[in-house]
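Here's the structure we're looking at; comments come further down.
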Amino acid sequence: MAVQRNMNPKRCPMPTQDPSVRKRNFDEVALGYTYEMAVEEARRCLNCPTKPCTTACPVSIDIPAFIERVVSEDMEGAYQIIAQSSSLPAVCGRVCPQERQCESRCVRGKKGESVGIGRLERFVADYHREHCTEKPPLPTPNGHKAAIIGAGPSGLTAAGDLAKLGYEVTVYEALHLAGGVLVYGIPEFRLPKIIVQKEIDNLKAIGVKIETNMVIGKILTIDELFEMGYEAVYIGSGAGLPRFMNIPGESLKGVYSANEYLTRINLMKAYLPDSKTPIRHSRKVAVVGGGNVAMDAARSAMRMGADEVTIVYRRGMEELPARKEEVEHAQEEGIIFRTLANPVEVLGNEQGEVCGMKCVEMVLGEPDESGRRSPVVKPDSEFILDIDTMIMAIGTSPNPLIRSTTPGLTANKRGCIVTDGEGGLTSREGVYAGGDAVTGAATVILAMGAGKAAARAIDSYITSRQK
Ligand code: SF4
Ligand code: SF4
């Protein structure tokens, strides 16, 4: 029977918590499609034979095929199609920058809004989690062993793909919980941790072993992993080393890196009334930076009870690198945007605590190498922001521990591990790397794409050694 397409140029809106309520709680902001909404939105898809959306997905999900299953209300069939390409669909459906990836190439976007691919992916993954009780089949062992460093999105993806090929896979994670940036970085209100845990449980169910509190480079080195019988190692250890601006006052009490601030809240649950994790109960907060991490830190500070939270960003609103949806959500929750401004000094009181931030106004000059217009200081434009907490969200780089304990592993000037590109082979035989450890801080889905590519490369490497 021919499918009745939904030609509405607008996508089915996503139900969300009311901004005035959600700005003081950590519950998920976007509530997800109902069954009926999902089918209605799926009917907007034209099932394009050339699949332009799929070509823009870093893990190449067969998007029209899974959406067609949603149209025919075969939700489990839809899930199985997504699961062939993605190990963490409930995560991607929530935090992927879809508007710059799959949805950016959707033909429906030419004369209206693109199909809500991420929203449908989230619906299908959630539906599967809530309704499917069947355990995934255990892969047949192939007799080979691989080690993964880092239980973030890149490492977990590589682990899942290798386990499905029959490898005995162990993931070594430095923190006490698996998930990497999904558990310490992205707040509960964007990605509930129960969902991350469930995705990790799915990987364990197909045989992936996860060893937590294992700091590779301290407790074990990569060379020792090879001595233990692993035939290949994948480094997916992320980029957890925060950057600061090196301006006066950064060591005052009340200055946090976004990494530390978010880790205290997300991983250590500082927002719970009985939490033992110390955190500043701030009145006025400035968050420096304009990416998703800055939005997460600002919105978390608001939920922690701050009266006023200001994003300070050196370019304009148009140039904010954060996802549009996150910026809109932050604005709805009352976050103030002080764009074209840059801090030059953090001011302290007699107790050594932050009591203000001296800033200068900026103007946009000529485009730099990246094509973005470079901000330059506007003369005589100094002003002071009254704050008691400052959160730096200007980026992170990879931790040097692994590269400094692995002879022969090449890194570039920014501390990122150098690879051959596609498969992630490093300068050491049998050692692969990908995700933020190679690119510097990027997106969850790009890290997952790198994990997938590395799993394929590791499999070809190990298989070719047998011949
Ligand atoms: Fe789109 Fe991300 Fe899902 Fe790929 S994984 S289809 S890019 S939302
Ligand atoms: Fe559907 Fe858009 Fe992909 Fe076409 S491009 S198959 S309409 S999601």
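By convention here, the first residue in the shown sequence is residue 1. Order of appearance sets the numbers: ligands from 1, and atoms from 1 within every ligand.
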(message) For atom 5 (S) of ligand 1, what's the nearest protein heavy-atom neighbour? Residue, atom name and distance, please.
(response) Ile445 CD1, 3.4 Å
(message) Pairing donors with acceptors under 3.5 angstrom, does anything connect the side chains of Tyr234 and Ser154?
(response) yes
(message) As an exercise, identify every atom of ligand 1 less than 4.0 angstrom from a heavy atom of Glu121.
(response) 3 (Fe), 5 (S), 6 (S), 8 (S)
(message) Suppose we measure from atom 4 (Fe) of ligand 1 to each protein heavy atom; which comes out shortest, and what is that distance?
(response) Cys57 SG, 2.3 Å
(request) Look at Asp27 together with Arg22 and state whether they make a salt bridge at an N to O cut-off of under 4.0 Å. (result) no
(message) Salt bridge or not between Arg299 and Glu326? Use side-chain N to carboxylate O under 4.0 Å.
(response) yes
(message) Any N/O/S atom from Cys102 (main chain or side chain) under 2.8 Å of atom 2 (Fe) of ligand 1?
(response) no
(request) Salt-bridge test for Lys198 and Asp201: reply yes if a basic N is under 4.0 Å from a carboxylate O, no otherwise. (result) no
(request) Taking only Lys NZ, Arg NE, NH1 and NH2, and the carboxylate oxygens of Asp or Glu, determine whether Glu188 and Lys269 approach each other closer than 4.0 Å. (result) yes
(message) Within ligand 1, which atoms have a heavy atom of Pro58 less than 4.0 Å away?
(response) 7 (S)
(request) Tell me whether the centres of the aromatic rings in Tyr271 and Phe26 are closer together than 6.0 Å. (result) yes
(request) Identify the protein heavy atom lying closest to atom 2 (Fe) of ligand 1, giving its residue, its atom name and the separation to 0.1 Å. (result) Cys96 SG, 2.4 Å
(request) Sort out for me which residue in Glu40, Glu41, Glu103 forms a side chain to side chain donor-acceptor pair (under 3.5 Å) with Arg11. (result) Glu103
(message) Looking at Lys23 and Glu332, is there a salt bridge between them, counting it only when a charged N and a carboxylate O are closer than 4.0 Å?
(response) no
(request) Mark up the atoms of ligand 1 that fall under 4.0 Å of a heavy atom belonging to Cys92, in ascending order. (result) 5 (S)
(request) State whether the number of non-hydrogen atoms from other residues, nucleotides or ligands found under 6.0 Å of Lys209 atom NZ is greater than 12. (result) no
(request) Show which atoms of ligand 1 fall inside a sub-4.0 Å distance from at least one heavy-atom site of Gln98. (result) 8 (S)
(request) Could you tally the protein N/O/S atoms lying less than 2.8 Å away from atom 2 (Fe) of ligand 2? (result) 1
(request) For a side chain to side chain donor-acceptor pair (under 3.5 Å) with Arg323, tell me which candidate from Glu99, Glu328, His329 qualifies. (result) Glu99
